[in-house]
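Notes to accompany the following structure.
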There are 2 protein chains.
Amino acid sequence: MLKKKITLKQIARELEVSISTVSKALKNSEEISRDTKEKIQAFAKLYNYKPNNIAISLKNKRTKNIGVVIPDIVHHFFTTVVRGIENFANKQGYNVIVCLSDESFDKEVINMEMLANGSIDGFIMSLSAGTEKKSDFNHLLEVTEQGIPLVLFDRVTDEVACDKVVIDDVLGAYQATVKLINEGRKRIALLTTEDFFSVSRNRNRGYEKALKDFGIRHDENLVLKLPFMDIDEVRISQFLNAIEPDAILSVNEIFGVYGMRVVQRKGLKVPDDISIIGFTDGLLAKHANPSITSVAQHGQLMGETAAKMLIERVENEMEEAPFRTKILEPTLIERDSTIN
Amino acid sequence: MLKKKITLKQIARELEVSISTVSKALKNSEEISRDTKEKIQAFAKLYNYKPNNIAISLKNKRTKNIGVVIPDIVHHFFTTVVRGIENFANKQGYNVIVCLSDESFDKEVINMEMLANGSIDGFIMSLSAGTEKKSDFNHLLEVTEQGIPLVLFDRVTDEVACDKVVIDDVLGAYQATVKLINEGRKRIALLTTEDFFSVSRNRNRGYEKALKDFGIRHDENLVLKLPFMDIDEVRISQFLNAIEPDAILSVNEIFGVYGMRVVQRKGLKVPDDISIIGFTDGLLAKHANPSITSVAQHGQLMGETAAKMLIERVENEMEEAPFRTKILEPTLIERDSTIN
DNA sequence: TATTAACACGAAACCGTTTTCGTAATTTCA
DNA sequence: TGAAATTACGAAAACGGTTTCGTGTTAATA
């Protein structure tokens, strides 16, 4: 007892009217008489008629789909962003197609090409590590040249003219570093990633700026640049043992957790002997023991903001509004890994 | 300098041939002469012609989109499932539309209706808490009656005839409980949720079965049923203080983490004084101190399996194969919260 | 040389809508 | 009563493809 969806054509045939009449009747057009409208509407309701989205998309050249391309989904920050996007987009009647680049340039390109041929009205994305490393943005340029709106978030680039939404990473790192300095910390270690990440670069800058502003010499030896993927706890351990810091600032959540574990294993008390602040306010920071003071990036807000910017572009295609970059303020969530 | 996508019609006009000829030439049809094909293909390449997905979807009545409806995305287990789905689906040329029901029955219904009008070829979903509580599955039945393939995973129901993929929750809880019994634990507390969750019910059964098999009396007082959402640490604390267990089995990750924190605060040593096992092998369990022994649910595999089942259905629409339920084996990941 | 086959292409239907425009039939007005 | 205006609907194009079938031209065959 398969009940396939009914079409305008079938309704028209059953009721012996034309397709146009059915279409108009269902839109309650003034053109159609009361009687005919009622008959058609009743019939349509009975058979649970719903217009076919694909046909409408073809007609309108609007899919009401947003393409979201992110490096990874098993990642707290990105999931909060996706939730924000979903949240806003759904309210506006848009669906979200999620693609994972898996931090790979090639996959990012393939994903975008798959979607760019009519499947979506616009992109929201965060650059993969591979793309940032390669510094090749032609796939983004192609998309924007075709007139497909694009909003970049978090991991962005200056080389593509489009809307962007980021948090003020410099400020976030600055505030975190100042917090540590105000506790009296002098040897603040920085756990960061290789340079090609825009966010890491900015966080490094905020760290350096704070040191400078407070007259603390910037010692390169206190900075450890780790490869992004698989974390090497041994290197963190050797590094921290060698430099003996009195505070640690980590540009992400996981380095902070590992750092804390290393110093705790050495017998140091957090935050009495050493303070720790991380970036990304995820579950780990919240549930660590002690819980870790973190710079919150407001992923959900970022997602909502990005979705809002994108949908505005999509729906005002005519107007050539200038591109904007929304800068969100980070928040330092004070927990038990720093002195209150 | 907007370079809008070129269409067959435009190519045909430029080259003064018919649309059919262009279409065939681009598919390398034998019908078209060498010369014409080369000319058309060269032109198409030059202008970077790519067929419009929407038009093809309309023609084929296939969108190459999969709809995934899950309760939440900021949740480790579901993200691993989504990754698995994405992974498999992408290889087969499918895109994934993710919708969040936010544990709400109404949102689940709305999401499905949005997608069921042609936007997708099939659904993969896990029931929202609201739906399980309400026990109303009409929206699922409507979809299957329309002939849209549906695969349910993890949170499933017997009331809908469709493909399913679950882990053997009874077995997982059984093995975990046995592990605790073998350590010599007698008073094994169970931290679980309200009864309407199918997975919790099954895990409770596995726990009870293990007790019975090993001749341990099942004491209802050792079981705490917590509301699903916002966790009440106070209740957990009162409960554990009252019953003084020598082991805790939690049906999820977070209850386990809270439970561990409570007993640690009381001065108990994990695992010397008390053992802890949780479900869902996420970041918290892995990075807790001590790390928590957990029943892994293999979310990614579950996602891949679901995607495989769905795509098989979609692509063999003619055959009325009987519905299958794939039962995945859980794995007990032994860590430091139990005695090795 | 007449017939047939092969070749190379175009016309048109189709997928399911929306929308413009044309036109019978009825009503209104002078 | 005849002309104009209104009513109520249908035909057809359009969105961007695919595919079947028909056909004019050339080449092969008898």
Side-chain angles (χ1 to χ4, degrees), chain A residues 4-41 43-44 47-65 115-121 146-148 317, chain B residues 4-41 43-44 47-65 115-121 146-148 317:
Chain A
K4 277 278 175 195
K5 301 239 76 160
I6 197 170
T7 67
L8 287 188
K9 191 191 275 194
Q10 293 170 43
I11 298 181
R13 188 147 32 81
E14 286 306 310
L15 265 34
E16 297 183 305
V17 291
S18 75
I19 295 179
S20 357
T21 303
V22 178
S23 177
K24 289 169 191 164
L26 294 178
K27 312 203 97 123
N28 233 318
S29 161
E30 290 302 323
E31 259 183 272
I32 308 299
S33 72
R34 255 183 147 280
D35 283 4
T36 312
K37 277 200 283 192
E38 281 174 4
K39 188 177 60 174
I40 293 177
Q41 288 171 0
F43 190 90
Y47 284 90
N48 190 30
Y49 170 80
K50 294 277 167 52
N52 180 303
N53 288 334
I54 300 293
I56 292 181
S57 292
L58 182 59
K59 185 98 246 276
N60 299 348
K61 297 170 148 242
R62 282 280 171 76
T63 62
K64 287 257 175 186
N65 285 157
L115 297 178
N117 300 116
S119 297
I120 51 119
D121 295 340
Q146 280 173 34
I148 303 177
E317 221 175 333
Chain B
K4 277 276 175 198
K5 300 238 78 157
I6 197 171
T7 67
L8 287 188
K9 190 192 273 195
Q10 293 170 43
I11 299 182
R13 187 148 33 80
E14 286 306 310
L15 264 37
E16 298 184 304
V17 291
S18 75
I19 295 179
S20 357
T21 303
V22 178
S23 177
K24 289 169 190 164
L26 294 177
K27 311 204 97 122
N28 233 319
S29 161
E30 289 302 321
E31 258 183 275
I32 308 299
S33 72
R34 255 183 148 283
D35 283 4
T36 311
K37 278 200 285 193
E38 281 175 2
K39 188 178 60 177
I40 293 177
Q41 288 171 359
F43 190 90
Y47 284 90
N48 191 31
Y49 170 80
K50 295 277 168 52
N52 180 303
N53 289 333
I54 300 293
I56 292 181
S57 292
L58 183 58
K59 184 98 245 270
N60 300 346
K61 298 168 151 241
R62 282 278 172 74
T63 61
K64 287 260 177 183
N65 284 157
L115 296 179
N117 299 116
S119 298
I120 50 119
D121 295 339
Q146 280 173 32
I148 303 178
E317 219 177 333

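Just so we're on the same page: letters track the sequence lines, and every chain starts at 1.
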C/dT20, C/dC15, C/dT17: which one has an atom nearest the side-chain heavy atoms of B/Lys59? C/dC15

Distance-minimising heavy-atom pair for B/Asn52 and B/Ala55: OD1-N, 3.1 Å

Note: A/Leu115 and A/Ile120 closest approach over all heavy atoms is O-CG1, 3.3 Å

At under 4.0 Å between heavy atoms, what does A/Lys27 touch on the DNA or RNA strands: base, sugar-phosphate, or nothing? sugar-phosphate

Indicate, with a heavy-atom threshold strictly under 4.0 Å, whether A/Ser23 touches base, sugar-phosphate, or nothing. base

Among residues 7-19 of chain B, which ones have heavy-atom contacts with DNA chain C below 4.0 Å? B/Val17, B/Ser18

Nearest atoms (heavy-atom pairs only) where B/Ile11 meets B/Phe43: CG2-CD2, 3.8 Å

Can you measure B/Asp35 atom CG to C/dC7 atom P for me and round it to whole angstrom units? 15 Å

Specify the separation, in whole Å, of atom CD1 of A/Ile6 and atom C1' of C/dG16. 13 Å

Find the distance A/Tyr47:OH to C/dG16:C1' and express it as a whole number of Å. 19 Å

CD1 of A/Ile54 versus C1' of C/dT18: gap in Å, rounded? 16 Å

On DNA chain C, more 5' by nearest nucleotide between B/Thr21 and A/Pro51 is B/Thr21

Rounded to whole Å, CD1 of A/Ile56 lies from P of C/dT18 at a distance of 5 Å

Hey, does B/Thr63 have a side-chain heavy atom less than 4.5 Å from the side chain of A/Asn53? no

For C/dG16, does OP1 or OP2 lie under 4.0 Å from any side-chain N or O of A/Tyr49? no

Nearest heavy-atom contact between B/Asn28 and B/Lys37 is OD1-NZ, 3.3 Å

With a 4.5 Å limit on heavy-atom distance, are the side chains of B/Ile56 and A/Asn117 in contact? no

Which nucleotide span of DNA chain D, 5' end to 3' end, has atoms closer than 4.0 Å to non-hydrogen atoms of chain A? D/dA8 to D/dG16

Round to the nearest Å and state the distance from A/Leu26 atom CG to C/dT18 atom P. 8 Å

When every non-hydrogen atom of B/Tyr49 is compared with those of B/Ile6, the smallest separation belongs to CD1-O, 3.3 Å

What are the two closest heavy atoms between A/Ile54 and B/Ser57, and how far apart are they? CG2-CB, 3.9 Å

Whole-Å distance, B/Leu58 CG to C/dT17 C1', equals 8 Å

Can you find a pair of side-chain heavy atoms, one from B/Asn48 and one from B/Lys50, that are under 4.5 Å apart? yes

Mind grabbing the angle between the end helix axes of the helix from C/dT1-D/dA30 to C/dA30-D/dT1? Five pairs an end, 10° rounding. 70°

Rounded to whole angstrom units, what separation is found between the NZ atom of B/Lys24 and the C1' atom of C/dC9? 7 Å

If you assign each of B/Ser33 and B/Asn60 to its closest nucleotide in DNA chain C, which residue comes earlier from the 5' end? B/Ser33

Give B/Thr36 one of three labels, base, sugar-phosphate or nothing, depending on what nucleic acid heavy atoms sit under 4.0 Å from its own. sugar-phosphate

